[in-house]
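Here's the structure, in structure tokens; my notes come after.
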Amino acid sequence: MYFFDPHIHIASRTTDDLETLAKMGCLVVGEPAFWMGYDRSGVNSFCDYYRHLTEWEPKRCAQFGLRHYAWLGLNAKEAENVAFAREVIAELPKFLERPNALGIGEIGLHKCTKNEVTTLLELIELAKKTDEQMLFHTPHLEDKYKGTRMILDMLRADSRIDRSRVCIDHCEEHTIRGALDEGYWAGITLYPTTKATPERAADMIEIYGPERILVNSSADWGPSRPSAVPDFILVMRRRGFSEGVIRQVVYDNPLSFFNQSRHFQFTPPD
Ligand SMILES: [Zn+2]
């Protein structure tokens, strides 16, 4: 079955992984900007990374027939210094014009501090000004519920937000309902240990249905699997879901969501 991996950190994966993705039926990958494992030393370091995501990774993916799209933004871990973050945000508009730019992401909260909130509001402001889609990272473990709630509250307070162009990612059992009920897309990350497993994602689809749900590997430097979406497909088949429902989650939904970005161009295979 063809699928998208709408959230994967290709820069941290090998060509073997790209080949595996292609062989399994992946057609399109979405790569959000993230924290690379160390704090960047200056604004130029961010610009180099944005070039990496918009120039180099699309070429690497194209060798395996994968279409590469990127989300550009500033991770909450690097949002604490508001003045520095503001300088980085000022560089974003020119990269958002790149042909593989999908929108602003992944942005959000990490420790849910006041400064993170200030930076996040500036990123949301930019998205409104430039009419970009947004991809939100929600915090880990004990901060997950609180951080997701805070993000939803911030978005609700802004009447200009088109919720059908926003994805709340890394949803789990206790946060997915809020995202869906308020009209957002909900991303579920399939990790071997933390976040959600393919089985837990299937549970959530049994409860909430397949509408506006995206599943992704978020594969990066840590324990994660480029085969996560196919693993999910297998779990869904074993549960007896129809091929139509499975395809909706792994292909039709990400296609509809990405299609709202002005740069997204994709011709489905015959
Ligand atoms: Zn990520």
Side-chain angles (χ1 to χ4, degrees), residues 3-14 17-18 21 26 28-40 46 49-50 52-54 57-58 60-61 66 68-79 88 92 95 100-112 116 119-120 123 127 132-141 143-144 147-148 151 166-172 175-176 179 184-198 200-201 213-229 231-232 250 253-254 257-258 261:
F3 69 93
F4 283 39
D5 194 338
H7 185 147
I8 177 168
H9 298 285
I10 295 291
S12 61
R13 306 308 302 199
T14 62
D17 290 339
L18 302 185
L21 278 165
C26 186
V28 179
V29 292
E31 175 162 20
F34 81 150
W35 186 70
M36 284 290 269
Y38 53 88
D39 287 343
R40 293 173 179 83
F46 275 93
Y49 178 56
Y50 298 147
H52 189 112
L53 296 189
T54 55
E57 293 304 339
R60 225 160 61 90
C61 283
L66 296 165
H68 177 282
Y69 284 89
W71 297 89
L72 303 168
L74 181 72
N75 191 277
K77 277 188 192 174
E78 292 175 280
V88 176
L92 281 173
F95 291 101
N100 74 328
L102 271 187
I104 297 185
E106 56 185 303
I107 57 175
L109 298 173
H110 174 56
K111 288 291 167 198
C112 308
E116 286 179 21
T119 298
L120 183 55
L123 285 159
E132 296 289 349
Q133 297 212 100
M134 285 183 279
L135 176 67
F136 282 87
H137 164 95
T138 54
H140 305 271
L141 304 172
D143 298 307
K144 169 79 64 190
T148 305
I151 290 168
V166 173
C167 177
I168 308 295
D169 215 333
H170 313 315
C171 286
E172 293 182 36
T175 57
I176 190 167
Y184 301 102
W185 292 83
I188 303 175
T189 292
L190 310 165
Y191 265 3
T193 49
T194 60
K195 300 195 163 60
T197 58
R200 286 169 55 200
I213 290 182
L214 308 172
V215 294
N216 61 68
S217 72
S218 287
D220 56 16
W221 311 101
S224 48
R225 293 159 65 89
S227 67
V229 178
D231 293 344
F232 165 82
V250 303
N253 283 353
F257 181 58
F258 282 17
S261 281

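Values reported hereafter were calculated over all heavy atoms of this structure, with side chains retained and with hydrogens, waters and symmetry mates removed. Counting convention: from 1, in listed order, for ligands and their atoms alike.
- For the Zn ion (ligand 1), the count of nearby protein N/O/S atoms, taking only those under 2.8 Å, is 3.
- Classified by interplanar angle (parallel below 30°, tilted 30° to 60°, perpendicular above 60°), the ring pair Phe34/His9 is parallel.
- Taking 4.5 Å as the limit, every side-chain heavy atom of Met134 sits out of range of all side-chain heavy atoms of Trp71.
- Among Ile8, Val29, Thr189, Val250, the one residue that satisfies the side chain to side chain contact (heavy atoms under 4.5 Å, CB included) test with Asn216 is Thr189.
- Judged by distance alone, the side chain of Arg60 and the main-chain N or O of Ile10 form a donor-acceptor pair under 3.5 Å.
- Phe136 places none of its side-chain heavy atoms less than 4.5 Å from the side chain of Glu106.
- Looking at residues two or more places apart in sequence or on another chain, you find a ring pair (Phe, Tyr, Trp, His ring centres under 6.0 Å) between Phe95 and Tyr50.
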